[in-house]
Amino acid sequence: DRGSVQNSPKSYDVEYLMPVSLGTPAQQLNLDLDTGSSDFWVFSTLLKESMINGQTLYDPNASTTADKMEGYSWKITYGDQSYSSGDVYVDTVTIGDLTVSTQAVEAAREVSEEFTADSDNDGLVGLGFGIINTVMPYKQKTFFEKAMPGLDSPVFTADLKSGAPGRYNFGYIDDGAYTGNITYVPVNSSDGFWSWVSPGFQVGTTGSFNSTRIHGIADTGTTLLLLPEGVCEAFYGRIASAKYDASQGGYTFECNDSTTPDFYFGTGNGQMIRIPGSYLAYSKTDTSSLRCFGGMQSDSGVGFTIWGDIALKAAFIVFDQGSERLGWAEK
Ligand SMILES: O=C(Cc1ccccc1)Nn1cnc2ccccc21
């Protein structure tokens with residue numbers, strides 16, 4: 001079996017949403033595929049009105065195939081301190097023609113203000129590893145883990161684009177979606193993340209390759225690229241107008257600064273992925289400003305590097321859960 005679904009970026013590529021069908025008859029929600037977490041949760045009719053702001057709600061009572069998991073609950077807090085919690089139902093879920101008939105659907109009773117404010121986002125499909133699923137008393141499998149045994153190949157791929165729709169595929173690799181070769185690197189899933197080691201980086205075409213191992217996770221649910229302080233300093237040191245602006249909480253620079261170099265990161269056996277400098281001028285610091293908040297920021301508050309959407313949209317990525325490895329290709 002296999003599946004394929006279009007993803008669509010919200011403004012500034014802050015997140016990428018995809019249509020998902022839940023229940024019988026199908027209820028369609030727009031969900032955020034998040035390889036940085038492992039809960040499948042949705043806005044639901046269990047929520048208080050005050051927490052809803054235009055989102056589409058999953059109504060388990062309107063689904064003939066929904067069964068409540070009595071005595072089960074969930075509560076998740078993300079790295080940015082946003083959170084959600086609620087009850088659990090088993091129901092049928094279809095993403096891009098791929099159906100899982102008994103998916104644990106986590107129906108929200110409570111969401112933090114960040115989720116309420118994001119009216120286009122009806123919930124998350126966590127495609128990290130199931131060991132960090134938060135359902136109690138027994139953790140539940142991710143959508144991919146449930147689908148995997150029936151797939152042609154135990155992989156899913158992410159093709160995120162800058163300011164344009166891309167695609168998530170399940171169970172196969174579309175050889176037309178990338179150029180050159182796919183370089184595979186081993187994944188350590190013990191923390192539940194797609195964790196891997198980059199051999200180093202290079203700033204611009206003229207810079208030398210810096211052989212420094214960078215431990216981090218491939219996370220579609222994080223917007224920015226959070227890298228070690230020293231790497232940020234090497235990159236921003238090459239941009240004439242760049243500075244660390246404590247009032248903005250990060251590095252900023254003039255959006256059109258022509259000295260902005262591309263950023264290359266190593267993936268293994270000599271391959272590098274090029275992130276165009278334009279991706280790193282993330283968003284204007286305010287409407288009238290000429291300065292942009294950097295798409296690359298320090299990971300010092302996190303403890304590991306996060307290869308978020310800024311980096312992922314420069315590549316075609318194979319999340320190979322069958323072999324616990326990540327595949328990287330240019331496109
Ligand atoms: O939380 C983060 C980014 C982050 C910030 C600070 C420390 C560690 C990580 N990403 N993320 C990944 N999945 C998410 C889902 C919702 C909100 C944020 C999400």
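Note that ligands are numbered from 1 as they come in the structure, with each ligand's atoms numbered from 1 the same way. For this chain, numbers begin at 1 and follow the sequence in order. From a predicted model like this one, the values you see are computed outputs, not experimental measurements.
For E324 and S189, the side-chain atoms include at least one donor-acceptor pair closer than 3.5 Å. A donor atom on one side chain and an acceptor atom on the other are found under 3.5 Å apart for T65 and D91.
At the top of the distance list for atom 12 (C) of ligand 1, counting protein heavy atoms only, stands D219 OD2, 3.3 Å. Protein heavy atom in closest approach to atom 18 (C) of ligand 1: D80 OD2, 3.4 Å.
If you check each of G221, S37, G308, G126 against atom 11 (N) of ligand 1, the one with the closest non-hydrogen atom is G221.
Under a cutoff of 6.0 Å and an axis angle of 45°, K284 and F293 do not form a cation-pi pair.
Considering backbone and side-chain N/O of S82, none are found under 3.5 Å from N/O of ligand 1. For ligand 1, the polar-atom distance check against Y78 finds no nitrogen or oxygen pair separated by under 3.5 Å. For ligand 1, one of its N or O atoms has an N or O atom of G79 under 3.5 Å away.
Applying the 6.0 Å contact sphere to CG of D1 captures more than 12 heavy atoms from other residues, nucleotides or ligands.
In the vicinity of D34, heavy-atom distances shorter than 4.0 Å reach the ligand 1 atoms 12 (C), 13 (N), 14 (C), 15 (C). Listed by number with element, the atoms of ligand 1 under 4.0 angstrom from any heavy atom of I306 are 8 (C), 9 (C). Within the listing of ligand 1, atoms 2 (C), 3 (C), 10 (N), 11 (N), 12 (C) sit less than 4.0 angstrom from a heavy atom of T222.
Between G36 and ligand 1 there is no heavy-atom distance shorter than 4.0 Å.
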